[in-house]
Amino acid sequence: MIEAIIFDFDGTLVDSDPIKRSAFYEVVAGIPGAAQALDQILKSPGSGDRYDIFRALGAQLGPANVDPDALVRAYGAKCEAQILNLLGESPATAFLDALKSEGYALFVVSATPKVDLVSMLKKTPLASRFEAIFSGPRSKPEILREIAQGHGWTMQQMIMVGDGEPDCRAAAAV
């Protein structure tokens with residue numbers, strides 16, 4: 001019997017991928033050559049998270065032109081504002097309520113940095129629907145195992161809902 005449903009966040013509970021991609025370019029708009037450098041960084045496999053991406057940009061364009069920490073902060077603020085707007089109108093709330101009323105334990109497991117994700121979700125009505133919100137830097141398989149062990153569930157009692165290959169690999173790994 002299924003006991004828990006674990007959701008990825010970006011691209012699953014909210015269509016945030018276009019927002020996040022656009023925000024990279026918006027925060028570097030005033031930096032000469034940044035958009036072209038960003039194109040190359042984002043095309044490379046395993047470009048990493050926002051921290052890695054802006055550090056790579058700083059390495060390419062030089063510290064006199066790029067402050068990676070400032071760009072990370074600007075990026076986070078821009079993404080949060082737009083994602084919160086989407087979540088405020090989200091049909092996911094009714095869906096999650098229906099799942100909870102059926103007795104499922106609901107969780108979020110995301111690669112989004114924990115401090116950003118938890119802070120953002122707590123500003124929405126969605127947060128109260130989840131037993132817990134988990135995020136990076138720990139791996140998704142590690143978190144899935146922790147959820148199962150913490151509740152005494154087998155892996156067959158949990159479902160992972162995601163939108164990408166990393167979610168599929170995480171579920172398969174456990």
Side-chain angles (χ1 to χ4, degrees), residues 1-24 38-57 72 75-76 79-80 82-84 86-87 89-174:
M1 181 167 143
I2 302 300
E3 299 290 339
I5 304 174
I6 297 111
F7 293 92
D8 175 42
F9 183 70
D10 293 304
T12 303
L13 290 174
V14 64
D15 187 18
S16 56
D17 292 334
I19 290 170
K20 289 187 168 193
R21 180 144 183 104
S22 175
F24 278 117
L38 198 53
D39 284 341
Q40 294 309 309
I41 293 166
L42 293 174
K43 284 179 188 173
S44 65
S47 57
D49 62 16
R50 65 186 78 179
Y51 300 95
D52 297 327
I53 291 166
F54 288 124
R55 276 194 296 267
L57 185 66
V72 165
Y75 173 86
C79 288
E80 181 175 308
Q82 293 178 25
I83 292 169
L84 281 173
L86 276 180
L87 288 173
E89 305 164 0
S90 177
T93 305
F95 175 65
L96 295 171
D97 286 342
L99 292 173
K100 280 196 71 79
S101 73
E102 293 292 321
Y104 296 108
L106 306 177
F107 298 86
V108 172
V109 174
S110 175
T112 298
K114 184 169 185 153
V115 67
D116 298 325
L117 180 65
V118 172
S119 166
M120 182 172 38
L121 275 174
K122 287 190 180 216
K123 296 175 185 174
T124 74
L126 289 181
S128 64
R129 275 64 178 184
F130 299 105
E131 302 287 323
I133 300 165
F134 296 94
S135 193
R138 295 183 317 151
S139 73
K140 287 184 179 186
E142 179 183 352
I143 295 168
L144 294 173
R145 286 184 192 98
E146 178 184 319
I147 292 169
Q149 290 170 354
H151 291 84
W153 296 325
T154 66
M155 297 305 164
Q156 292 76 19
Q157 292 176 290
M158 303 182 339
I159 294 175
M160 174 76 191
V161 180
D163 69 325
E165 190 63 32
D167 301 313
C168 185
R169 283 194 308 269
V174 295

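Position 1 is the first residue of the sequence, and the numbers go up from there. All values reported here derive from a predicted model rather than from experimental measurement.
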Original post:
With a 4.5 Å limit on heavy-atom distance, are the side chains of R129 and L99 in contact?
Top reply: no

Original post:
Rounded to the nearest 0.5 Å, how far does CE of M158 lie from CD1 of I2?
Top reply: 9.5 Å

**OP:** If the plane angle is over 60° it's perpendicular, under 30° parallel, otherwise tilted; pick one for W153 and F107.
**Re:** perpendicular

Subject >> Separation of M155 CE from I147 CD1 (nearest 0.5 Å) >> reply: 9.5 Å

Original post:
Taking all atoms of both residues into account, what is the closest heavy-atom pair of C79 and A23, and its distance?
Top reply: SG-CB, 3.6 Å

**OP:** Check whether any side-chain heavy atom of L38 lies under 4.5 Å from a side-chain heavy atom of I53, and answer yes or no.
**Re:** yes

Original post:
CD/E165 to CZ/R169 distance, rounded to the nearest 0.5 angstrom?
Top reply: 5.0 Å

Subject >> Validation row: K140, V174 side chains within 4.5 angstrom (heavy atoms) >> reply: no

Original post:
Between CZ of F130 and CG of L13, what distance do you get to the nearest 0.5 Å?
Top reply: 5.0 Å

Subject >> Residue pair D163 / D17, side-chain heavy-atom distance below 4.5 Å >> reply: yes

Original post:
What's the spacing between I143 CD1 and I6 CD1 if we round to 0.5 Å?
Top reply: 10.5 Å

Original post:
Considering only heavy atoms from C-beta outward, does the side chain of S22 approach that of Q82 to under 4.5 Å?
Top reply: no

Original post:
Where do D167 and M160 come nearest, in terms of heavy atoms and distance?
Top reply: OD1-CE, 3.6 Å

Subject >> Pairwise distance NZ(K20) to CZ(R50) - rounded to 0.5 angstrom >> reply: 5.5 Å

Original post:
Given side chains that start at C-beta, do those of E146 and F134 come closer than 4.5 Å, heavy atoms only?
Top reply: yes

**OP:** Could you tell me whether K100 and D97 have a side-chain N and a carboxylate O separated by less than 4.0 Å?
**Re:** no

Original post:
Got a sec, which residues hit ring-ring contact (aromatic ring centres under 6.0 Å, His included) with F7, two or more places apart in sequence or on another chain?
Top reply: none

Original post:
Taking only residues two or more places apart in sequence, or in another chain, which ones meet V14 in a side-chain contact (heavy atoms from CB on, under 4.5 Å)?
Top reply: F9, S16, I83, L86, L87

Original post:
What pairs with S44 under side-chain contact (heavy atoms from CB on, under 4.5 Å), at least two apart in sequence or on another chain?
Top reply: S47

Subject >> Note, K123 side chain near M120 side chain (heavy atom, < 4.5 Å) >> reply: no

